[in-house]
Every structure is written in C-alpha cells, then in structure tokens.
Peer 1: 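One structure coming up, written as structure tokens, with questions to follow.
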Amino acid sequence: MWTCLGYVLASEQSHMVAIHDCDITTYNREMLARLCYPVAHPSLGFDFCKGYYARVSDRLNGRVMRLLLTPLLRALKSMVGLHPFLVYLDTYRYPLAGEVCLDLDLIRRIRIPYDWALEVGMLAEVFRNCAPRAICQSELCDLYDHKHQELSLRDADKGLNKMAIDITRSLFRRMAAEGIKLDAGLFDTLLSAYSRQAEDTLRFYAADAAINGLRFERHEEEMAVSMFTRSIRVAGRAFLDDPLWTPLIPNWNHIQSAVPTFLDELNGAVRLDNQA
C-alpha cells in the first residue's frame with residue numbers, strides 16, 4: 001500500500017486516493033462512491049474520509065473492534081481523562097475499518113505502519129496532520145463482511161492474537177508521543193479497567209443479540225476477552241522494554257528529500273513493467 005501511494009504521487013494523475021480491504025465479500029460500487037464522494041466533491045472541504053458499516057450476519061462480527069479497541073479506549077479515558085487523542089479515536093464509528101479516502105497532499109505527509117496497526121496508525125497520523133474540520137466519516141453500506149481471522153489463542157504470532165498485540169502496542173506508542181505518561185503501574189491498572197469495561201460490553205452485546213434474534217456464543221466471546229487481556233499485557237511489556245520502537249514507514253516527503261529522483265524512477269519502473 002505504501003508503494004502504491006508513492007506511485008500515485010509519481011504518476012501525477014490523481015487528486016485523491018481511496019483504500020479498501022481486498023477480501024470484502026459484500027462489495028459493490030456504491031461502497032467506493034460513498035467513500036470517495038466527501039473528498040472528491042470540490043465544495044465540501046474534506047481531506048480525509050473514514051468508512052464505517054454494520055458488522056452483522058447471523059451474529060455480531062468485528063471482535064477486535066467490539067471486544068478490544070472500544071473497551072480499551074474507554075478504560076484509558078477513565079484512567080487518564082478526556083485526552084484529545086483518545087477522544088478523537090473514540091469518535092470514530094469503526095476505527096478499524098480498512099476503508100479510507102485521502103487527499104493527495106495528506107498522502108505526502110502521513111506515515112503508515114507496516115503491521116496490523118495500519119488503521120489505528122493512520123488515524124493517529126491524520127490526527128497529527130489534518131484539521132478536525134477536514135475529517136469526516138461515511139456509512140458505506142447496510143451490511144459488510146469479509147474473510148475472518150482465527151483467534152489463535154495459544155500463538156501470539158498469528159490471527160487475532162497477533163493483530164491485538166500490534167494494535168495495542170501501536171496505540172501505546174502514539175499515546176506516549178502525545179505526552180501521556182505510561183508506566184508499569186498504569187499498565188497493571190489498565191488490565192483491570194479493561195476487563196471491567198469488556199465484561200460490561202459483553203452484557204450489552206448479549207442483550208443486543210437477543211433483541212435482534214442473533215446468535216451469541218457467550219463462551220467464545222469470553223475467551224476472546226481473556227486473550228485480548230493477555231495481548232494488552234504483552235503489548236505493555238513490549239512498550240516498556242522499548243518505548244521508541246515504531247512500525248512507521250517514512251512518509252513520501254521524507255523519501256523525496258532523501259532521494260529526489262526516486263518518484264521519477266518509480267514511475268519509470270512501473271511504465272516499463274506495464275510494457276513488458
């Protein structure tokens with residue numbers, strides 16, 4: 001994705017870029033139109049649009065969003081207060097959605113992570129580089145589904161376990177960059193605060209499923225919360241071991257400064273490849 005953003009800049013043929021997941025099973029052209037329209041429209045004044053949607057089939061999907069990120073953000077706000085960065089993240093309807101649209105100038109400035117924290121990392125970069133009035137959200141469709149990851153309860157390098165660790169570790173680093181003090185005591189308290197928030201969340205979702213006639217596997221949901229609690233602990237220890245670790249790839253302004261001819265060379269390489 002980072003390479004493709006560079007090619008868009010090199011080709012000088014676009015004013016904006018839309019990004020979406022490549023494994024969407026309910027995809028249609030209206031999703032792309034609703035994602036692009038706020039940034040493409042010349043008089044609306046938006047530089048960044050984040051998509052959101054319902055994650056429902058015969059059950060409630062989106063476990064990392066429902067059972068990890070939302071209760072984690074709420075727990076952090078209860079501990080450190082209404083910090084603007086945490087409030088900003090919590091205002092997104094679906095912060096882990098892979099669907100975004102960006103103005104070309106914003107693409108030049110943002111850095112993106114190379115791991116599962118791509119969505120959260122990009123939102124953090126938008127927070128840093130974009131005025132709030134130029135940010136919007138768009139509901140893309142009534143229902144959305146894509147391929148699902150396994151929990152991977154016993155392997156922290158696979159599935160939702162790996163995803164949860166990457167997302168949480170990236171969140172901690174960005175909080176520190178915003179001036180929020182993170183130490184061992186905070187992480188110990190956070191585990192309890194998150195667990196309480198997640199337990200309340202499970203009760204709410206059980207009621208939501210019952211009202212709407214959806215399946216709700218309470219045991220599986222509780223197993224996911226237990227695993228996410230362990231993921232938070234792993235991410236917290238990793239942050240304390242190396243607070244300066246970052247998965248961010250340099251932005252394209254930096255690349256052009258370091259290698260002024262790079263975009264021309266990239267454009268030429270793509271042109272030759274297409275001619276082959």
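In this chain, residues are counted from 1 in sequence order.
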Peer 1: Checking side-chain hydrogen bond (donor to acceptor under 3.5 Å, both in side chains) for the pair Ser231/Asn161: CA distance, chi angles, key distance, verdict?
Peer 2: CA-CA 7 Å; Ser231 300; Asn161 200 346; 3.0 Å; yes
Peer 1: Could you tell me whether Arg93 atom CZ has more than 12 heavy atoms of other residues or ligands within 6.0 Å of it?
Peer 2: no
Peer 1: Going through the checks in order, is the side chain to side chain contact (heavy atoms under 4.5 Å, CB included) test met by Ile112 and Met1?
Peer 2: CA-CA 9 Å; Ile112 61 173; Met1 193 184 81; 3.5 Å; yes
Peer 1: Is any side-chain heavy atom of Leu123 closer than 4.5 Å to one of Val100?
Peer 2: no
Peer 1: Are the side chain of Thr201 and the backbone of Pro71 linked by a donor-acceptor contact shorter than 3.5 Å?
Peer 2: no
Peer 1: Under 6.0 Å from the OH atom of Tyr37, do we count more than 12 heavy atoms belonging to anything else shown?
Peer 2: no
Peer 1: If you take all heavy atoms of Val64 and Leu160, which pair is closest and at what distance?
Peer 2: CG2-CD2, 3.7 Å
Peer 1: Does the side chain of Arg128 reach to within under 4.5 Å of the side chain of Arg111, using non-hydrogen atoms?
Peer 2: yes
Peer 1: Where the side chain of Thr229 meets the backbone of Val225, is there a donor-acceptor pair that is under 3.5 Å apart?
Peer 2: yes
Peer 1: Given Leu35 and Lys50, is the side chain to side chain contact (heavy atoms under 4.5 Å, CB included) satisfied, shown in steps?
Peer 2: CA-CA 7 Å; Leu35 180 64; Lys50 180 78 166 177; over 6 Å; no
Peer 1: Can Arg174 and Glu178 be counted as an ion pair, charged N to O under 4.0 angstrom?
Peer 2: no
Peer 1: Hey, is Arg63 close enough to Glu221 for a salt bridge, meaning N to O under 4.0 Å?
Peer 2: no
Peer 1: Hey, quick one: are Ile165 and Trp116 part of the same hydrophobic cluster, counting side-chain heavy atoms closer than 4.5 Å, chains of contacts allowed?
Peer 2: no
Peer 1: Looking only at the side chains, is there a donor atom on one of Ser257 and Asn253 sitting less than 3.5 Å from an acceptor on the other?
Peer 2: no
Peer 1: Where do Gly6 and Leu263 come nearest, in terms of heavy atoms and distance?
Peer 2: O-CD2, 3.5 Å
Peer 1: Would you say that more than 12 heavy atoms from the other residues, nucleotides or ligands in this model lie under 6.0 Å from the NE2 of His41, or not?
Peer 2: yes
Peer 1: Can you tell me if CG on Asn274 sees more than 12 non-hydrogen neighbours from other groups inside 6.0 Å?
Peer 2: yes
Peer 1: How far does CD of Gln197 sit from CG of Leu190, to the nearest 0.5 angstrom?
Peer 2: 10.5 Å
Peer 1: Do side-chain atoms of Thr168 reach the backbone of Ile232 as a donor and acceptor pair under 3.5 angstrom?
Peer 2: no
Peer 1: Would you sort out whether Phe127 and Phe85 count as a side chain to side chain contact (heavy atoms under 4.5 Å, CB included), showing the intermediate values?
Peer 2: CA-CA 7 Å; Phe127 177 77; Phe85 178 61; 3.7 Å; yes
Peer 1: Strictly below 4.0 Å, N to O, side chains only: are Asp166 and Lys162 in salt-bridge contact?
Peer 2: yes
Peer 1: Within the distance-only criterion (no hydrogens, no angle test), does the side chain of Asn212 pair as donor or acceptor with the backbone N or O of Asp208 below 3.5 angstrom?
Peer 2: yes
Peer 1: Below 4.5 Å, heavy atoms only, C-beta onward: do Lys77 and Asp90 meet side chain to side chain?
Peer 2: yes
Peer 1: Is any side-chain heavy atom of Glu30 closer than 4.5 Å to one of Cys141?
Peer 2: no
Peer 1: Take a 6.0 Å sphere around CZ of Arg196 and say whether it holds more than 12 heavy atoms from other residues, nucleotides or ligands.
Peer 2: no
Peer 1: Any idea which heavy atoms bring Tyr194 and Leu67 closest together, and the distance?
Peer 2: OH-O, 2.5 Å
Peer 1: Quick one: do Glu199 and Arg203 make a salt bridge, cutoff under 4.0 Å?
Peer 2: no
Peer 1: When you group the ILVMFWY residues by side-chain heavy-atom contacts below 4.5 Å and let the links chain together, are Met223 and Phe216 in the same group?
Peer 2: yes
Peer 1: According to a 4.5 Å side-chain heavy-atom criterion applied to Ile, Leu, Val, Met, Phe, Trp and Tyr, with indirect links allowed, do Leu191 and Leu68 form part of one hydrophobic cluster?
Peer 2: yes
Peer 1: If hydrophobic clusters are built from ILVMFWY residues whose side chains come within less than 4.5 Å, do Met175 and Leu248 share one?
Peer 2: no
Peer 1: If you look at every heavy atom in Glu119 and Leu96, which pair is closest and at what distance?
Peer 2: CG-O, 3.5 Å
Peer 1: Could Arg173 and Trp245 be counted as a cation-pi pair, given that NZ or CZ must be under 6.0 Å from the ring centre and within 45° of the axis?
Peer 2: no
Peer 1: I need the Arg34 CZ to Tyr52 OH distance, nearest 0.5 Å.
Peer 2: 8.0 Å
Peer 1: Report the relative orientation of the aromatic rings in Phe239 and Phe187; use parallel for angles under 30°, tilted for 30 to 60°, perpendicular for over 60°.
Peer 2: perpendicular
Peer 1: So which heavy atom on Ala117 is nearest to which on Ser170, and how close?
Peer 2: CB-CB, 3.3 Å
Peer 1: Got a salt bridge between Arg215 and Glu217, using NZ or NE/NH1/NH2 to carboxylate O under 4.0 Å?
Peer 2: yes
Peer 1: Which distance, rounded to the nearest 0.5 Å, do you find between the CG of Asp21 and the CE of Met31?
Peer 2: 8.5 Å
Peer 1: Using 30° and 60° as the class boundaries, would you call the ring planes of Trp252 and Trp2 parallel, tilted or perpendicular?
Peer 2: parallel
Peer 1: Looking at Ala75, is its backbone amide N or carbonyl O close enough to the side chain of Ser78 to form a donor-acceptor pair, meaning the two atoms are under 3.5 Å apart?
Peer 2: yes
Peer 1: Indicate yes or no: at least one non-hydrogen side-chain atom of Leu60 is less than 4.5 angstrom from one of Arg55.
Peer 2: no
Peer 1: Is there a side-chain contact between Phe48 and Val39 in this structure, where contact means two heavy atoms from C-beta onward sitting under 4.5 Å apart?
Peer 2: no
Peer 1: Set out, in order, the CA-CA distance, both residues' side-chain angles and the distance that settles side chain to side chain contact (heavy atoms under 4.5 Å, CB included) for Arg108 and Gln256, then state yes or no.
Peer 2: CA-CA 10 Å; Arg108 299 178 188 276; Gln256 278 191 284; 3.8 Å; yes
Peer 1: Determine whether the aromatic ring centres of residues Tyr27 and His20 are separated by less than 6.0 angstrom.
Peer 2: yes
Peer 1: Locate the shortest heavy-atom distance separating Leu186 from Met79; write the atom from each residue and the value.
Peer 2: O-CE, 3.4 Å
Peer 1: Hydrophobic clustering (ILVMFWY, side-chain heavy atoms < 4.5 Å, transitive) - are Val17 and Leu266 grouped together?
Peer 2: yes
Peer 1: Decide yes or no for Cys36 and Met16: does some side-chain heavy atom of the first lie under 4.5 Å from some side-chain heavy atom of the second?
Peer 2: yes
Peer 1: Nearest 0.5 angstrom please: Tyr53 OH to Tyr94 OH, how far?
Peer 2: 6.0 Å
Peer 1: Can you tell me how far apart CG (Leu104) and CD (Gln13) are? Round to the nearest 0.5 Å.
Peer 2: 11.5 Å
Peer 1: Could you state the interatomic distance from OG1 (Thr3) to OH (Tyr7), rounded to the nearest 0.5 Å?
Peer 2: 13.0 Å
Peer 1: Under a 4.5 Å cut-off applied to non-hydrogen side-chain atoms, are Asp105 and Asp47 in contact?
Peer 2: no
